[in-house]
Structure formats: C-alpha cells, structure tokens
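Shown next, in structure tokens, is the structure this report addresses.
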Amino acid sequence: MTDARTATSAAAGPGSVRLSERTLERGSQQLVRPGYRRSRTRIGTVHFGPGAFHRAHQAFYFDRLLEKDAARAICAVSLRTASLRDALAPQDGLYTLVELDEAPTLRVIGSIRELLVAAESPAAVSRRLCDPEISVVTMTVTEKGYCLDGGGRLDLAHPDIVHDLSHPDAPNSLIGWLVRGLELRRERGLEPYLTVSCDNLSENGPTLRRAVLAFAARRDPGLAAWIEAAARFPRTMVDSITPATDPALRARVAQAAGLDDAWPVQRERFIQWVVEEVDFASQPDWASVGITVSRDVTAYERAKLRLLNGAHSTLAYLGLLAGLETVARAMAEPTLRAFVERLMIEDIEPTLTVPQPGALAAYRQSILRRFENPAMRHQLAQIAWDGSQKLPIRILGTIEDALRAGRPLTRLAVPIAAWMHFVRLRARQDVAIVDPLGAPLGALGRELTGDAGRDLSRFFDLPGVFPSALTQEPRFTHALREAYDNIAARGVLAALTAAGCAAGAQRR
Ligand code: CS2
C-alpha cells in the first residue's frame with residue numbers, strides 16, 4: 001500500500017462518447033475549445049515529464065501561444081511510463097482543463113500534438129530533439145528528476161547517470177536526454193534549444209545548466225564547451241495549485257462536457273509564470289500570453305518556494321498528523337492556520353527581500369486565500385510526497401538564513417519535526433512513503449521511538465537531506481529536539497498551542 005498517488009487515467013465509460021478531434025464539436029457549448037486550427041500547428045517544443053502540472057500550466061500557456069504562432073505545439077515525452085500516452089493518444093492529445101472556483105471553466109487543451117515514451121522509442125525522441133523546428137525544451141520532472149546530490153550538483157554516482165554515460169543514445173534521465181539532443185543538434189550544425197526548467201528548484205535554470213555541463217564534460221569536453229557558449233537555461237518561477245486528477249474530476253468533466261476524457265486535469269484559476277529575460281532568438285513571445293519576463297526571477301522564486309511551498313509542506317505534515325486530508329480542511333483548523341500564518345510573517349518573510357513595501361504581506365494574504373479555496377480538494381498526502389527533496393528547498397534554506405541572522409528557530413523546526421513524525425506514522429500504518437528515499441525512510445520509520453535523543457541522528461544520516469552546517473549546529477538540533485518531543489508528548493495541535501507557536505499572529 002502506498003500513499004494515495006491519486007488515480008491516474010481510466011478508459012471511457014461504456015456507451016459514452018470519448019473526447020477526440022472527431023467528437024470535439026459534439027461536446028457541450030460550455031466547453032472552451034482551442035482557438036486555432038490544430039491541423040495547421042507545428043511542433044516547436046519538447047516537454048519532458050508531462051504530468052498534471054505541465055498540462056495545467058505550461059501546456060495552457062502554449063495553447064494560448066498557438067492562437068498567435070502555429071509553431072508552438074508540444075511533443076510530450078514521458079521518460080518511462082506509458083500511462084499518459086495510452087490515455088491521450090485515443091484523444092488525439094486533447095484533454096480537458098478545469099479551472100476551479102465558484103464558476104469553473106472547462107477548456108479543451110490542444111497544444112500537445114505528439115506523445116512519446118522515451119524508454120520505448122529513444123530514436124523517436126532523438127529525432128524530435130534534433131528537428132530544426134524545435135526551439136524550446138521544457139521540463140517538469142520534480143526535484144528528484146535532476147539526479148542532484150545534497151549540494152545541488154549532478155550526482156555522477158546516480159544509477160541513471162551512470163547508465164546514461166555508457167548508453168548516451170538511449171538515456172534514462174532528463175539530463176542524459178538534454179545532452180543527447182544538444183549533441184545531435186551540434187553534429188547537424190543546428191542552434192541549441194532554449195532549455196527551460198519548470199520545477200520548484202532554487203535557481204532552477206543555473207542548477208540545470210550546471211548539471212548538463214557536468215554530464216556533457218564527462219561525455220565530450222568539446223560538446224560541453226559548445227553548450228556553455230551557445231545554450232541558455234533561463235531561471236523560471238511557476239505557480240498554480242494543481243490537485244491530482246481523481247475519479248470525481250473525471251465524472252464531473254463527463255457530465256459537464258458531454259464527452260469522456262480519460263485524463264482531465266484541474267487547477268485553481270490563479271496561474272503565474274515568470275521567465276528570465278535571456279538573449280535567445282527563437283523563443284516564444286512569452287509576454288503576449290501573460291507570462292512575466294524579468295531580469296530578477298530570483299526574488300519571485302525565493303518568495304514563492306519559501307512562502308507558498310514552505311507553508312504547503314508545513315500544512316501537509318502537521319495536517320496529516322492531525323488526521324486531516326485536504327489543504328482547505330487544514331486551513332479551517334484555527335490552531336494550524338494561526339501557526340502557518342505566524343510562521344510566514346515572523347520566520348519566512350524576514351528572509352525575503354522585495355522592492356515594494358507591503359508586497360510580501362499582500363502576497364502572503366493571497367496565498368492563504370488560495371489555500372482556503374473550498375472548490376479545491378488538494379490532498380495533503382500529495383504535497384507530502386518527496387519530503388526529502390522538498391524540505392531542503394522549502395524550509396532548511398530558511399532555517400540557515402535565520403541562524404545567520406540570529407533569529408529563533410522555535411517555529412521553523414516544527415515542520416521538520418512534523419515530517420519526521422509523518423515518517424513514523426506511515427511506518428505504523430504500513431503505508432509506503434512516496435519519496436526517492438522511500439525505502440530507507442520506511443525502514444527508519446519502523447525503528448523510530450518518538451524520543452528525539454534516539455531518533456534525530458537517524459534522519460541526519462540520510463543522504464543529501466540535512467547539511468552538516470545544521471546537524472552540527474546546537475541551536476538547530478536543540479530547537480528540533482524540542483519540537484519533536486513536544487509533538488510526541490502532546491500531539492500536533494496541543495504541541496503548537498503549548499509552544500505558543502499558534503498565538504495569534506499579528507495580521508499585517
Ligand atoms: C505543492 C506544489 O505538491 C506540492 O509540493 O506544494 O505542487 C504547489 O501546489 C505548487 O508549487 C503551486 O504552484
């Protein structure tokens with residue numbers, strides 16, 4: 001049994017009409033249909049990792065771009081699994097995006113024109129990557145897909161990287177594929193593609209560039225030099241809360257659209273994409289579809305990763321320990337809401353700098369309103385996935401900044417302690433943890449005692465999670481020990497109240 005990786009695709013119901021090019025016009029009038037002729041579009045983008053977030057976010061923007069530029073259709077490449085290809089191929093790549101609020105919008109997205117599975121057809125992916133029409137490669141492979149070590153650099157001992165260095169024409173990893181595509185383009189005298197990370201990584205563009213160059217240098221120093229000189233890896237910040245697809249969504253779409261969709265997606269109406277301004281001739285006219293082009297993505301990115309994603313992970317682990325299921329339900333728990341708001345105000349915002357005074361307060365309030373959206377059943381268990389990869393980016397960096405500034409860690413230690421107790425809870429429930437370190441975390445969870453003096457060091461020994469600058473810092477280990485023992489002794493809500501963490505935040 002594992003955490004509910006909420007349902008994926010399913011075949012259309014009996015006797016119903018399946019969404020496709022041929023049936024699209026039979027759908028209900030409320031369906032918003034593509035505003036361009038799909039048959040005239042050309043594939044100009046390759047995307048790796050076409051999960052729900054890609055289909056709700058980037059593919060939505062490219063659908064808008066296609067209304068102005070026919071060369072912006074997407075080839076969606078799944079690295080390993082065929083489930084998305086199998087679900088959407090009978091639909092000609094079409095799927096329904098539901099924008100959730102009090103008056104939901106159902107929009108059929110047509111920007112994905114090709115679906116490939118790299119593990120099945122590496123030659124087809126190679127051909128696409130060196131197609132002269134391709135100018136952009138985007139990716140959403142989550143933090144773990146970059147094969148990084150604890151220091152944010154390429155892990156050359158990662159099994160996929162080891163494989164790809166000896167099988168360069170049929171890689172397993174994103175990094176292997178990006179370098180393969182650039183190598184083929186160089187051999188053909190083509191320009192590199194713009195390589196755009198759309199994942200929640202700190203400094204995602206430079207981090208990706210560093211990993212690609214490290215891999216290329218192992219393959220061919222001349223190739224690495226060419227990439228270093230000619231390729232561009234812009235920083236980006238991406239944002240839209242996208243709950244996983246579930247049977248309720250599929251039933252809702254079938255009823256409202258009058259067409260069966262094997263894998264619709266849903267998101268809040270709020271959406272934002274910030275792309276770093278780089279000098280690259282054939283990139284899309286990002287601003288024409290509401291994408292922010294900025295020279296300072298870092299300020300946007302750090303605020304989002306720490307305020308939104310840091311609060312999300314905090315709610316996830318505290319809420320799951322309190323027996324709650326969704327973000328909206330956790331926000332309805334006064335003690336939790338008060339704690340998260342105070343954490344944002346007192347502990348996270350002081351680590352952020354934004355030019356406009358008052359901007360952080362407004363951003364925080366908008367985030368909290370988004371979290372409270374009753375139209376969204378955003379599962380805490382979904383946010384809890386991959387904690388070993390997410391917490392260093394979302395919380396530990398903030399803790400390191402607080403230590404440098406001499407600020408207390410009382411509240412910041414709580415989400416880390418809650419994650420540790422979550423690991424223990426899942427072990428007791430015999431539910432596997434969805435995380436690249438899922439196996440060691442499961443084994444560790446079964447041996448945890450609830451006593452910080454015996455348990456914390458076990459977590460500190462995990463590879464690539466806790467930097468030694470923290471594990472050897474008494475102010476951190478003391479605050480974490482207190483938070484961990486507090487939760488063990490009192491339960492999560494009483495622990496927050498007892499620690500005075502939940503004392504009403506000064507609403508600014
Ligand atoms: C969430 C993010 O699942 C998670 O970890 O915190 O997917 C979050 O919904 C997005 O980053 C919002 O833009």
Side-chain angles (χ1 to χ4, degrees), residues 3-6 49-61 97-101 138-146 197-202 204 235-246 265-275 291-292 297 300-320 324-328 330-331 336 340 343-344 348 363-364 366-373 375-398 415-416 418-419 422 433-436:
D3 269 346
R5 263 197 187 275
T6 312
F53 183 71
H54 166 68
R55 296 196 288 135
H57 185 274
Q58 302 97 53
F60 164 82
Y61 279 110
L97 165 62
V98 181
E99 295 175 73
L100 294 162
D101 60 15
T138 55
M139 67 232 44
T140 46
V141 293
T142 76
E143 301 84 346
K144 58 182 175 293
Y146 291 76
S197 169
C198 300
D199 281 297
N200 287 326
L201 288 186
S202 302
N204 55 15
R235 294 171 177 80
T236 73
M237 186 277 272
V238 290
D239 188 5
S240 188
I241 296 174
T242 304
T245 296
D246 58 18
V265 292
Q266 60 187 337
R267 64 163 164 80
E268 63 179 332
R269 193 168 294 281
F270 176 90
I271 188 168
Q272 184 177 21
W273 194 358
V274 182
V275 177
I291 295 169
T292 303
V297 179
Y300 287 94
E301 170 212 277
R302 180 174 283 225
K304 192 262 179 174
L305 289 176
R306 291 189 173 189
L307 271 176
L308 187 150
N309 293 114
H312 245 181
S313 290
T314 300
L315 278 171
Y317 298 117
L318 291 174
L320 287 167
L324 305 173
E325 276 194 28
T326 67
V327 173
M331 288 294 287
L336 277 187
V340 166
L343 182 79
M344 295 168 90
I348 299 175
Y363 185 48
R364 177 210 330 133
S366 78
I367 289 169
L368 293 172
R369 276 195 305 276
R370 292 165 61 192
F371 285 177
E372 290 169 330
N373 182 348
M376 301 256 287
R377 279 190 54 76
H378 195 188
Q379 298 290 326
L380 297 173
Q382 175 188 346
I383 299 167
W385 296 341
D386 301 343
S388 72
Q389 315 290 306
K390 292 178 179 178
L391 291 175
I393 295 167
R394 300 177 175 198
I395 304 281
L396 294 185
T398 303
I416 306 299
W419 173 63
F422 164 78
I433 293 167
V434 177
D435 190 298

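The structure presented is a predicted model; accordingly, all values stated were derived computationally and were not measured. Throughout, numbering of the chain's residues begins at 1 and tracks the sequence. Counting convention: from 1, in listed order, for ligands and their atoms alike. Side-chain atoms are counted along with the backbone in the values below, which use heavy atoms only and exclude waters and symmetry mates.
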For T292 and Y300, does a side-chain donor sit closer than 3.5 Å to a side-chain acceptor? no
What does the contact table look like for ligand 1 (nitrogen or oxygen on each side, cut-off under 3.5 Å)?
from, atom 1, to, atom 2, distance (Å)
ligand 1, 5 (O), K390, NZ, 2.8
ligand 1, 5 (O), R394, NH1, 3.0
ligand 1, 5 (O), R394, NH2, 2.8
ligand 1, 6 (O), N309, ND2, 3.1
ligand 1, 6 (O), H312, ND1, 2.8
ligand 1, 6 (O), R394, NH1, 3.2
ligand 1, 11 (O), N200, ND2, 3.1
ligand 1, 11 (O), K304, NZ, 2.6
ligand 1, 11 (O), N309, ND2, 3.0
ligand 1, 13 (O), D239, OD1, 2.5
ligand 1, 13 (O), S240, N, 3.1
ligand 1, 13 (O), K304, NZ, 3.2

May I ask you to decide if the ring planes of H57 and F53 are parallel, tilted or perpendicular, using 30° and 60° as cut-offs? parallel
Given 3.5 Å as the limit, does a donor-acceptor pair link the side chain of D199 with the main chain of L201, or not? no
Would you say Q266's side chain and A244's backbone share a donor-acceptor pair under 3.5 angstrom? yes
Taking only residues two or more places apart in sequence, or in another chain, which ones meet H378 in a ring pair (Phe, Tyr, Trp, His ring centres under 6.0 Å)? H312
Do the numbers put R369 on top of the ring of F270, so that NZ or CZ is under 6.0 Å from the six-membered ring centre and no more than 45° off the axis? no
